[in-house]
Peer 1: 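Below are the structure tokens for one structure; questions will follow.
Computed from a prediction, not measured in an experiment: that's the story for all the values here. Within every chain, numbering begins at 1; the chains are lettered A, B, ... in the order of the sequence lines, protein sequences first and strands thereafter.
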Amino acid sequence: MKQIFSALFTVVTALSLLSPAQAEPLDPLEVRPTLVRPQVSLPTNLITVPVVNPGEYFVPPSYEDIPDDKTGDMIRWGRNIFVNTQEYAPRYAGNGLNCVSCHLSEGRQPYAAPLWASYPIYPVARNKAKRVVTFQQRIQSCFKYSMDGIAPTVDAPEMDALVTYAKWLSTGAPVGVALPGRGFASIKKTKDPSPINGEIIYNTRCALCHGANGEGQKNRNGVGYMFPPLWGMDSFNRGAGLNKVKTAAQFIKANMPLGSGYTLNDDEALDVAAYMWIHFRPDDPRTSFFMNRFSPKPGGGH
Amino acid sequence: MVKETLFGTRVRRLAILVVSVIAAVVLGYRYTHQPRYLVEKTDPAAVAEGRKIALNGLDGVTACAHCHGQNGEGNQELGYPRLAGLHPKYIAKQLRDFARDPMDIGVKVDPISRDYEKTPRVYKDLTIYSPGIRRDPMMNPIAKALSAKDIYNVSNYYASLPFSAKPEPVDFETLERGHELAVRGKPEYLMPRCNACHGPNGEGFGEHFPPLAGQPPKYIISQINKWQNGDRDNDQFAMMKNTANLLTDGNKVNVARYYSNKSHSVNEE
């Protein structure tokens, strides 16, 4: 026991000495012994866990609070489309993913692009479109790139349902404010990402669920994916946000492995993202077949 | 009589060629790409051997059926888990973890250097995770007495057994709260939902994610407690350890009773 605690103490002090004393942006990580009894696992008895204080993130309304009226029906429909896009909006989905594949916990998870943080800030200028886009147009580009499908028109019933669901999720959220947990976690790279390291990390930590070839795993009945594919024809296309190494790394850092977020450091997350990036995925719909073959792949950064 | 023209023969040949190529591609794809979700076979010889151990025990090992039920259905009152229909590799891994000697506390373990830049290939096969331990006064001596062959046999036997859960009546509030955890988790505390790994209805998924539906609530609660106090530490990437650490006592009861309300059957129609 004493040895463990002394080792712990030295590690913590060493970390505190190494880290600069300057006021850095608040790190949501804290190194602490997680368990009452020392563990045998490696890394021995220190594990990095995100410490979430109650009230740190916005809490959207509960599913049971959906009103019992026409609006409520629309919200439920929107939630169904969001959770099971393959069944409720099949004509707009071009690959095997659902909205929840990335927007975890039905669009509620902080740092997994939660809807309650994005709905109140739209319309907003986007670099990708180089103009001010509305929330509907943002959803359209989700379908076009991340779902590798056909964008529903802004007046499509599915679009209405999704917008109603997003609006309901952000009930009580301040309008126009960048809430904590918005988008993805921030990341700071100290070296260029290496897909070789990424392959090793992928095989040891990701392949268990996402498959050795990133093909994901189908449900037992063969319909839809239990664990989404990361590349290949059933994954998002080259125009998607997650095709950018940095964005994918930001997502991975906070959320993967599921439940053990923040166990990869920033560079490891970038390595895995780079390994994902080098694989084949569907073409970018903005450019031609020819340009998709012979122009440099988008998303690699500079 | 119609004379066979060059054009007609060519078209017919081309048509036959196209059809046969399409047929070859389709059939070839179906034969070479066995979907993963279908592969859960048990070895019949091992099942017969495992049955003897499960029902009669070995010398020094009591029969598994004594606690886990005659058909591997578990024990609701005492909280012994059901084993029928679990993935054979999952059962085998648990037995191996039960049998493993926990390392002495205070043993110095040299941390594996993770500077992959220098020798990327060397580290490929190394696992940096816990070998996995489960502390349990009842199961540890039993698992230690089993040989590797016994473990293989027993796990195949239990994997081959049919199982149907008997849904228990649960009050509405508990169900609602359990459902919330199973389907949405606690996103404000960064806790993922249970069903994300344990299958869409908690019926389990693959060799790493055991079923929750059909397990006695008492067993589920005791296991989450063990994750929390460290008596169980054999998951992948600390996923379950981190998740269990975010559960309150109320959460445990709600989610365990929610899953006891689920209907679920394996290996039978």
Peer 1: Compare every heavy atom of B:Phe237 with every heavy atom of A:Arg205, then report the nearest pair and how far apart it is.
Peer 2: O-CE1, 3.1 Å

Peer 1: For chain B, which candidate among A:Pro110, A:Pro60, A:Ser62 shows the most heavy-atom pairs at distances under 4.5 Å?
Peer 2: A:Pro110

Peer 1: Mind running side chain to side chain contact (heavy atoms under 4.5 Å, CB included) on A:Tyr63 and B:Val183 for me, showing each step along the way?
Peer 2: CA-CA 11 Å; A:Tyr63 183 80; B:Val183 169; over 6 Å; no

Peer 1: Carefully, step by step, assess B:Phe205 and A:Gln217 under the rule side chain to side chain contact (heavy atoms under 4.5 Å, CB included).
Peer 2: CA-CA 10 Å; B:Phe205 191 84; A:Gln217 285 191 58; 3.2 Å; yes

Peer 1: Check whether any side-chain N or O of A:Ser105 sits under 3.5 Å from a backbone N or O of B:Pro187 as a donor-acceptor pair, and report yes or no.
Peer 2: no

Peer 1: With rounding to the nearest 0.5 Å, note down the distance linking CG in B:Leu190 to CD in A:Glu56.
Peer 2: 8.0 Å

Peer 1: Measuring centre to centre across the rings, with the benzene-like ring taken for any Trp, is A:Tyr57 within less than 6.0 Å of B:Tyr189?
Peer 2: no

Peer 1: What residue, out of B:Glu207, B:Met240, B:His208, B:Lys186, has the most heavy-atom pairs lying under 4.5 Å from chain A?
Peer 2: B:His208

Peer 1: Measure across A:Pro257 and B:Met239 and return the closest heavy-atom pair with its distance rounded to 0.1 Å.
Peer 2: CB-SD, 3.9 Å

Peer 1: Take atom NZ in B:Lys89; do more than 12 heavy atoms of anything else shown fall under 6.0 Å from it?
Peer 2: no

Peer 1: Can you tell me which of A:Val59, A:Asn255, A:Leu258 forms the most heavy-atom pairs within a distance under 4.5 Å of chain B?
Peer 2: A:Leu258

Peer 1: How far apart are the closest heavy atoms of B:Asn242 and A:Gly259, and which atoms are they?
Peer 2: CB-O, 3.3 Å

Peer 1: Looking only at heavy atoms, which two atoms of B:Phe209 and A:Leu208 are closest? And how far apart?
Peer 2: CZ-CD2, 4.3 Å

Peer 1: At a heavy-atom separation under 4.5 Å, does A:Leu104 approach chain B through its side chain, its backbone, both, or neither?
Peer 2: neither

Peer 1: Checking heavy atoms, do the side chain of A:Gln109, its backbone, both or neither come under 4.5 Å from chain B?
Peer 2: both

Peer 1: Tell me, for B:Glu180 versus chain A, whether the close heavy atoms (under 4.5 Å) come from the side chain, the backbone, both or neither.
Peer 2: side chain

Peer 1: Is the CZ atom of A:Arg182 crowded by more than 12 outside heavy atoms at less than 6.0 Å?
Peer 2: no

Peer 1: Quick check on A:Glu64: does its CD atom have over 12 non-hydrogen neighbours (other residues, nucleotides or ligands) under 6.0 Å away?
Peer 2: yes

